[in-house]
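Chain identifiers are assigned alphabetically (A, B, ...) following the order of the sequence lines, protein sequences preceding nucleic acid strands; residue numbering begins at 1 within each chain.
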Amino acid sequence: MPTIFLKTIKKRVDFLKVSKSGKKFFTKGFILQKYKRTVGLEKDTIRIGFTITKKIGGAVIRNKIKRRFRTIIREIFTKYLKKNYDYVIIANKKSLIMDYKELKSDVIKTVK
RNA sequence: CCAGAUAGUUUGGUGACUGCUCGCAUUUUGAGAGGAAAGUCCGGGCUCCUUGGAAACGUGAUGACGGAUAACAUCCGCCAGAGGUAACUCUAGGGAAAGUGCAACAGAAAAAAAACCGCCAUUUUUUUUAUGGUAAGGGUGAAAAGGUAUGGUAAGAGCAUACCGCUUUUUUGGUAACAAAAAAGGCACGGCAAACCCCAUCAGGAGCAAGACUAAAAAGAGGUGUGCGUUAAAGUGAGUUUCCACAUUUACACCAGGGUAAGUUGCUUGAGAUAAUUGGUAACAAUUAUCCUAGAUUAAUAGUCAUCGCUUGAUAAAUAAAAGAUUCGAAGUUUUAUUUGUUAGGUACAGAACCCGGCUUAUAACUAUCUGGCUUU
RNA sequence: GGGCCUGUAGUUCAGUUGGUUAGAACACGCCGCUCAUAACGGUGAUGUCGCAGGUUCGAAUCCUGCCGGGCCCA
């Protein structure tokens, strides 16, 4: 079993690729997009990105949402996430009010 | 106790588990958001345009006076005006006697005055009408060419006098704005310059996505046409024009072709912070000592849970004071204050992005001093 | 991060420079025409001029500060 690497998506092009050709899952707090990469440049890595628009709030609120999602992913990625996949989470306004445990269970459901 | 004014401080703590960025370094240790980091409204540093010097015009900004500062539209002091019972606050606060312009409607008249209703005189004479005097009163308007009182007059009027205001001059105080006093002038000189403008002072433009380097690729050094020899051409500085100076020999136009955003650097030691002393009313300056205090780039500085603070409301108990009823007294009742427990909330505004000095806006809690009012002694 | 533009009826725009009346078209309401609808004709309403201060006798317009919307950079 090779070790799994976690990386973040940083380029705009990658985000567009995921949103165009990936599968979408909707929940109360966020939208998840999933896409399997064909190029084998980075083997055995999971890449994840976050999209939080300016409509949701100021910089403080956006940062807080991002941190919460990041910790959730860090806790669960070894168990649930598949390698060679790209994930993008688009956050909603409700994700700020929602409970941490509730949000975590939602993420696990959609990732499967 | 209530209401207000000014100045300042802080930005919750502890623990557990799981984590992020940078530096040293090689497995551990050190550091890690703000008073506004915000808005991008001003002023600088820094970089490029770029390898010079000056003048005129134009454009923009600022505007009492004196200082502080690298600089400013900032700050300090002071003056004037306005607001407030007061503490205190606010003011784009030069020039309307250089010129041009504006003032709808109303009103007789909106600026070298003029006369609608009036008032008065003369003529006529019951009145009307006409001519002249007048600007007290009425009316219009945001604004009507000093105000009040007395005298004076045909009626009136700075026509005269007193006080106030205004203008000019002198003296005194002050660095100055300005203030005070005295004398003179009978008043000639209304408002708007955040209308054009005039005066004084200042200002080149663009911005760290500036700019520099590395790698890759392509080009440079490809083609065609036109003009061409020191008298000239075009260039160097920015908005325009002109003058001087400078260095250069090819210059200009068109066609064809390439590149589509990688990395490093700029990047954090600076008009730096803290403390003391000295000078200054103060802003601030000088000297000495100590300290190094974020550098990300889908963008770190935290997430979850527990608990303790702080604070608001509800509720229960205890203690203290007051009230009226009953009255020998106590318990009990109501109100207020304090303490303790339980429970439900709240714990702001908000996240560095090259760096500083301000301004403006958003906001939680606390402290000190001062002012006014109420109550008690 | 930096630079720039723009906000007026329900919608699309005039008016702003140069201060004293807020307008046009479409849409909307009512009436007429029609057996009925549309079209057509008549008529009517519609605005804190993005918000808050200041200058002025007077501000959509001039000045200052906020708020919203949009664009650009290598």
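Residue A:R62 contributes atom CZ, which lies 15 Å from atom C1' of B:A296 at whole-angstrom precision. Taking atom OH of A:Y87 as the reference point, atom C1' of B:U298 lies 19 Å away to the nearest angstrom. Rounded to whole Å, the distance from CZ on A:R68 to C1' on B:U304 is 9 Å. Distance NZ (A:K64) to P (B:A33): 18 Å, rounded to an integer number of Å. The CG-P distance, from A:N63 to B:U297, rounds to 14 Å in whole Å.
Residue A:R67 has its side chain nearest to B:A302 when only B:A302, B:A350, B:A300 are considered.
Nucleotide B:U339 is shown with an anti base, its glycosidic torsion being more than 90° from 0. B:G35 takes the syn form, because its glycosidic angle lies no more than 90° either side of 0.
Atom NZ of A:K34 is surrounded by more than 12 heavy atoms from other residues, nucleotides or ligands within 6.0 Å.
Helical stems of RNA chain C (runs of at least 3 Watson-Crick or G-U pairs, donor-acceptor distances under 3.5 Å) are listed by first residue: C:1-7 with C:67-73, C:10-13 with C:23-26, C:28-32 with C:40-44, C:50-54 with C:62-66.
C:G18 and B:C197 are spaced 10 Å apart, taking the P atom of each and rounding to whole Å. For the P atoms, the distance linking B:U170 with B:A73 amounts to 36 Å, nearest Å. Taking atom P in both C:U46 and B:G101, one finds a spacing of 43 Å when rounded to whole Å. Spacing of C1' atoms, B:A5 relative to B:G95, comes out at 38 Å, to the nearest Å.
Pairing of B:U369, defined by two Watson-Crick or G-U wobble distances under 3.5 Å, is identified with B:A5. B:U150: Watson-Crick or G-U partner is B:A160, with both key distances under 3.5 Å. Base pairing analysis places B:A330 opposite nothing; no Watson-Crick or G-U wobble pair with both distances below 3.5 Å involves it. Searching all strands for a Watson-Crick or G-U wobble partner of B:A195 with both distances below 3.5 Å returns B:U100.
Shown here are the side chain to side chain contact (heavy atoms under 4.5 Å, CB included) partners of A:I108, two or more places apart in sequence or in another chain: A:I76, A:Y80, A:K104, A:K112.
Between A:I61 and A:G49, it is A:G49 whose nearest contact on RNA chain B lies nearer the 5' terminus.
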Problem - Under 4.0 Å protein heavy-atom contact, by nucleotide of nucleotides 16-22 of chain B - B base, S sugar-phosphate only - result: ---S---
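Proximity of A:R67 to A:T71: side-chain heavy atoms (C-beta onward) are nowhere separated by under 4.5 Å.
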